[in-house]
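Quantities reported herein were computed from a predicted structural model and do not represent experimental measurements. In what follows, every chain begins at residue 1, and chains take the letters A, B, ... in the order their sequences are listed.
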Protein chains: 2
Amino acid sequence: MQLSLSQRGNLPSLAAEFELSPAQCHVLHLIEPGRPVPMGEVAGALSCDASNVTGLVDRLEARGLVVRQPSPADRRVKVLTLTAAGRRIRTVLIERLTSPPDTLGRLSTQEQRLLVELLRRILE
Amino acid sequence: MQLSLSQRGNLPSLAAEFELSPAQCHVLHLIEPGRPVPMGEVAGALSCDASNVTGLVDRLEARGLVVRQPSPADRRVKVLTLTAAGRRIRTVLIERLTSPPDTLGRLSTQEQRLLVELLRRILE
DNA sequence: TATTGTTATACTCTATAACTATA
DNA sequence: TATAGTTATAGAGTATAACAATA
């Protein structure tokens, strides 16, 4: 809980540097290059209603970071792909998000590895 | 980062059970009974502008969960205190927030203790 | 002069309900 | 009949700027 609450301000301030919202960052993070993502999958991952995804993608598409394409398998579905600009931002975003906090230095290298391993096991 | 993003949906859905927003939950969590909190301190903890706190507290006060009181030390400052109803909700909220996720069972008791210890050291 | 909190404004996020196109 | 996405609507979060009261 403390970790979660302490991170509440981090994503918003990082997002602001790119003139994005936290939710928009989350969408960009979800779209791995080479794997088009159905909009419904985004709604599931963000735990939000499908109608929100419409607005989020509207704004990302207007900024030229994402494109909607009809799915060949099911014509009701639209899949999302990053543009070149979107991929660039996503890369920088992930670099920044994964850069460890200063306080990680309080742990030894071995303890850091252990922490990552334990978190990985309860998250997968 | 994964932990942070994976928790994105948790607080909103828990908050919804109490008909609160995530930000309102965060405010209630900040106000420990017996320690009145200046509104500016809330803005700092939430990493948001002071004007947002006005609106958040307006709604919490309208629901009878929080009260504003002028600070005796500095008459510009207003401090926040929980009402009896606010304390009840805060207690239940914290119980629910601190209940461990199902996947914690994947770790042994010793590993769980270790994880908590490591997180504690990088958060304090 | 600087700071605390408020107000006014604008934009984004969010859910609900009704709708269209497709399955 | 059910599902994916859109639209319309309403309420809440957020930042900026201007303001009042106080320091």
- Item | Ionic contact status for B:E111 with B:R106, cut-off 4.0 Å |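 Looking at B:R106 and B:E111, the cut-off is not met.
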- Item | Short N-O contact, B:E32 and B:R90, less than 4.0 angstrom |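 Looking at B:R90 together with B:E32, the answer is no, because their closest N to O distance does not fall below 4.0 Å.
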Picking from [options], which would you name as closest to the side chain of [X]?
X: B:D74; options: C:dC13, C:dT6, D:dT22; value: D:dT22
X: B:M39; options: D:dT6, D:dT3, C:dG5; value: C:dG5
X: A:D49; options: C:dT16, D:dT14, C:dT3; value: C:dT16

To the nearest angstrom, how far is [X] atom [atom1] from [N] atom [atom2]?
X: B:R76; N: D:dA21; atom1: CZ; atom2: P; answer: 14 Å
X: B:E41; N: C:dT3; atom1: CD; atom2: C1'; answer: 16 Å
X: B:Q24; N: D:dG13; atom1: CD; atom2: C1'; answer: 10 Å
X: B:L11; N: D:dG13; atom1: CG; atom2: P; answer: 12 Å
X: A:E19; N: D:dT16; atom1: CD; atom2: P; answer: 11 Å
X: B:N52; N: D:dG11; atom1: CG; atom2: P; answer: 19 Å

- Task: Please work out which residues in residues 53-73 of chain B have a non-hydrogen atom less than 4.0 Å from an atom of DNA chain D and list them by number.
- Result: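 B:L56, B:R59, in order of number.
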- Polar pair under 3.5 Å, donor/acceptor by atom type, side chain B:S51, base D:dT14: no
So, [X] side chain and [Y] main chain: donor-acceptor pair closer than 3.5 Å or not?
X: A:T81; Y: A:P36; value: no
X: A:Q69; Y: A:L80; value: no
X: B:E61; Y: B:R68; value: yes

- Query: Are OP1 or OP2 of C:dA21 and a side-chain N or O of A:K78 less than 4.0 angstrom apart?
  - Reply: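 No, outside the criterion.
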- Query: Are A:R75 and C:dA21 close enough that a side-chain N or O sits under 4.0 Å from OP1 or OP2?
  - Reply: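 Indeed not, no polar side-chain atom of A:R75 lies that close.
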- Query: In a check of side chain to side chain contact (heavy atoms under 4.5 Å, CB included) between A:Q24 and each of A:V66, A:V57, A:L60, which one passes?
  - Reply: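 Testing A:Q24 for a side chain to side chain contact (heavy atoms under 4.5 Å, CB included) against A:V66, A:V57, A:L60 leaves exactly one candidate, A:L60.
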- Message: For a quick check of understanding: with a heavy-atom distance under 4.0 Å over all strands, which category does B:S21 fall into, base, sugar-phosphate or nothing?
- Response: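 Result for B:S21 = sugar-phosphate.
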- Query: When Ile, Leu, Val, Met, Phe, Trp and Tyr are grouped by side-chain heavy atoms lying under 4.5 Å apart, directly or through other members, which residues fall in the same group as A:V77?
  - Reply: A:V79
